Amino acid sequence: MPNEVESVPTIAYLGPPGSFSEAAALKVPLPDKTLVDYPTIPDVLEAADLGHTTFAIIPIENAIEGSVNLAMDWLIHEVRLMIFAEIVLPIAHGLYVAPPQRETPFPQIEKIFSHGQAIAQSFRFLRRTFPHAQVEPTLSTSEALRLVAENPDRPWAALGHRRGAERYGLVERIRDVQDSPNNATRFLLVGHTPPAGLPPSERKKTTLLVTLGRDFPGALSQVLHCFSWRAINLSRIESRPTKRRLGSYVFYIDIDRGVDDVLIPAAMEELRALGHEVRFLGSYPVYEVDDD
């Protein structure tokens, strides 16, 4: 369990500084906050779970690539954290090089670094523009930017955030290389104790984890019926392995409304009465922000 909450809350994020996770953390609408970077998503979540930080912010879903499975699996299986807010951040990747490489012809770029999600979100661009370059994944986009900055004499490039590139003194060669102009990522603010001072939002969500008590024909339909006959809209449902046996799944369910006094609690109780395991992950505001 966490230590006593600090007067100024701390938020763990996937670093080093200059990452999209840092950009999302900066957009958390708390009056005061301190950001602390960690090298991996498991480290970020463990920091909040063990009380080293007040909260953690993690990417959970991208408009192009879908779920961030590592973040989802650690949230489901490895930590016991609640969701307190969602930040929807537009994602625009740029291609950046060290200053000595500002005039290097693209065919001479040998390596391009970035996080696996960023690489996947820009796959068509990379295949078309740099067919001969070696594409190497890093733990974060900002780690890729830092790696290129630390090797200025090598014909390398990185995909990442423009503020991260500025932080490491890199030069922009191409702007907006992602394969979709509508690219965005959902980030979750998680922790043990609800934050004070979050403003209201126009949208709210509720997230549940449902594990089938036993697998039988129509089991998932039975789960969905508990929501459909109550006219509860599910904005997302995704299966992840329970890690107990092959073919056994936990369903991550987003409900497009805040928890109420009757409908959602009643649906949860009906699911439990049917023998399914239900875990409440939180009811929280959704903030759609600009990346300025």
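As the structure is a computational prediction, the values presented were derived from the model and not from experiment.
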Quick check: closest heavy atoms across [X] and [Y], and the distance to 0.1 Å?
X    : Y    : result
N182 : A63  : O-CB, 3.9 Å
T211 : Y249 : CG2-O, 4.0 Å
Y287 : P285 : OH-CG, 3.4 Å
G258 : S283 : CA-OG, 3.2 Å
A196 : P31  : O-CD, 4.4 Å
D43  : T40  : OD2-OG1, 2.8 Å

Please determine which of K27, K205, R203 meets the salt bridge (Lys or Arg N to Asp or Glu O under 4.0 Å) test together with E86. K205
Would V171 and Y96 satisfy side-chain contact (heavy atoms from CB on, under 4.5 Å), going step by step from the backbone distance to the final call? CA-CA 5 Å; V171 176; Y96 300 96; over 6 Å; no
Donor-acceptor side-chain pairing of [X] and [Y] below 3.5 angstrom:
X    : Y    : answer
S235 : R257 : no
N183 : S180 : no
Q121 : D179 : no
T185 : N62  : yes

Answer with yes or no whether the hydrophobic clustering places [X] together with [Y]; edges join I, L, V, M, F, W, Y residues whose side-chain heavy atoms lie under 4.5 Å apart.
X    : Y    : answer
F106 : F125 : yes
L170 : F113 : yes
M72  : I237 : no
L45  : I57  : no
I119 : V68  : no

What I want to find out is whether [X] reaches [Y] closely enough, with some N-O distance under 4.0 Å, to be called a salt bridge.
X    : Y    : result
D254 : R186 : yes
E143 : R146 : yes
E277 : R279 : no
R163 : E22  : no

Please tell me if the side chains of [X] and [Y] come closer than 4.5 Å, counting only heavy atoms from C-beta onward.
X    : Y    : value
V88  : V289 : no
H161 : D291 : yes
Q222 : H276 : yes
F280 : T206 : yes
F227 : I255 : yes
I11  : T53  : no
S21  : I58  : no
L271 : V210 : yes

Could you check T207 against Y284 for side chain to side chain donor-acceptor pair (under 3.5 Å), going step by step and ending with a plain yes or no? CA-CA 9 Å; T207 298; Y284 48 92; 2.7 Å; yes
Between the OG1 atom in T10 and the CG atom in L35, the distance rounded to the nearest 0.5 Å is 9.5 Å
Calculate, to the nearest 0.5 Å, the distance between atoms CD1 and CG belonging to I253 and L281 respectively. 10.5 Å
What class does the angle between the rings of F84 and F55 fall in, given that below 30° is parallel, 30 to 60° is tilted and above 60° is perpendicular? perpendicular
Count the heavy atoms of every other residue, nucleotide or ligand shown that sit under 6.0 Å from [atom1] of [X], and state whether that count exceeds 12.
X    : atom1 : value
R272 : CZ    : yes
R230 : CZ    : yes
F123 : CZ    : no

Could you walk me through whether F20 and H93 pass ring-ring contact (aromatic ring centres under 6.0 Å, His included), step by step? CA-CA 10 Å; F20 285 96; H93 301 296; 5.1 Å; yes
Worked check of side-chain contact (heavy atoms from CB on, under 4.5 Å) between I60 and Y252: CA-CA 11 Å; I60 200 72; Y252 185 105; 4.2 Å; yes
Are Y13 and Y38 near enough that their ring centres are under 6.0 Å apart? no
Set out, in order, the CA-CA distance, both residues' side-chain angles and the distance that settles side chain to side chain donor-acceptor pair (under 3.5 Å) for S122 and R127, then state yes or no. CA-CA 9 Å; S122 308; R127 184 176 181 180; over 6 Å; no
Would you say the side-chain atoms of [X] pair up with the backbone N or O of [Y], donor to acceptor, closer than 3.5 Å?
X    : Y    : value
T54  : P9   : no
T141 : S19  : no
R173 : T104 : yes

Going through the distances and angles, do L75 and L188 end up as a side-chain contact (heavy atoms from CB on, under 4.5 Å)? CA-CA 10 Å; L75 189 62; L188 299 180; 4.2 Å; yes
Run the side chain to side chain donor-acceptor pair (under 3.5 Å) check on E136 and Q134 step by step: do they pass? CA-CA 6 Å; E136 294 193 8; Q134 183 177 347; 2.8 Å; yes
Applying side-chain hydrogen bond (donor to acceptor under 3.5 Å, both in side chains), name anything that partners S114, two or more places apart in sequence or on another chain. none
Please report the C-alpha distance between N151 and W156 in whole Å, then the side-chain angles of each, then the deciding distance to 0.1 Å, and finally whether the side-chain contact (heavy atoms from CB on, under 4.5 Å) criterion is met. CA-CA 8 Å; N151 294 273; W156 293 354; 3.6 Å; yes
